[in-house]
Amino acid sequence: FFNRTDAALLLLRAWAEAMAFPPNRFAPDDQTLDELVNNDGWIDRAAFGWLPAAYLRMAHRHPNIEPVIEHDRGRAPGSNGGGSTSKP
């Protein structure tokens with residue numbers, strides 16, 4: 001979810017441009033966003049919030065939480081073999 005603030009829209013544009021950059025063609029989108037936020041200064045330029053715990057990908061570590069999104073369908077994260085070896 002992105003708010004309609006200038007900073008949020010600029011971050012969204014930077015993320016889209018980073019994903020369109022040819023060397024990032026096969027890079028995971030979440031890692032590309034992480035790179036922008038943590039290593040490109042966006043952490044200080046935009047405001048961030050947290051989703052409820054039910055949205056955690058690592059819900060298996062929280063047995064009392066029913067996940068909203070279950071990417072790996074009961075397997076350990078990344079064990080489904082679908083991860084990319086490309087890095088942003």
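Keep in mind that the numbers below use all heavy atoms, side chains included, and drop hydrogens, waters and symmetry copies.
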- Looking at side-chain heavy atoms only, is the closest gap between Phe21 and Thr32 below 4.5 Å? no
- Single-linkage hydrophobic cluster, 4.5 Å side-chain cutoff, Leu10 and Val37 together: yes
- Could you tell me the separation between the CG atom of Leu12 and the CG atom of Asn3, rounded to the nearest 0.5 Å? 11.5 Å
- Message: For a side chain to side chain contact (heavy atoms under 4.5 Å, CB included) check, start with the C-alpha distance between Arg45 and Asp40, then their side-chain angles and the critical distance, and finish with the verdict.
- Response: CA-CA 10 Å; Arg45 290 186 261 172; Asp40 197 38; 4.3 Å; yes
- Task: Using atom types as modelled and distance alone, determine if a side-chain donor or acceptor of Trp42 lies under 3.5 Å from a backbone N or O of Ala7.
- Result: no
- Message: How about CG on Asp6, more than 12 heavy atoms from neighbouring residues, nucleotides or ligands closer than 6.0 Å, or not?
- Response: no
- Could you tell me which non-hydrogen atom of Trp15 sits nearest to which non-hydrogen atom of Asp29, and how far apart they are? NE1-O, 3.1 Å
- When you look at Gln31 and Glu35, which way does the side chain to side chain contact (heavy atoms under 4.5 Å, CB included) test go after all the steps? CA-CA 6 Å; Gln31 290 180 20; Glu35 184 73 23; over 6 Å; no
- Task: Output the distance between atom CD (Glu17) and atom CG (Asn24), rounded to the nearest 0.5 Å.
- Result: 12.0 Å
- Which atom pair, heavy atoms only, marks the closest approach of Leu33 to Leu11? CD1-CD1, 4.2 Å
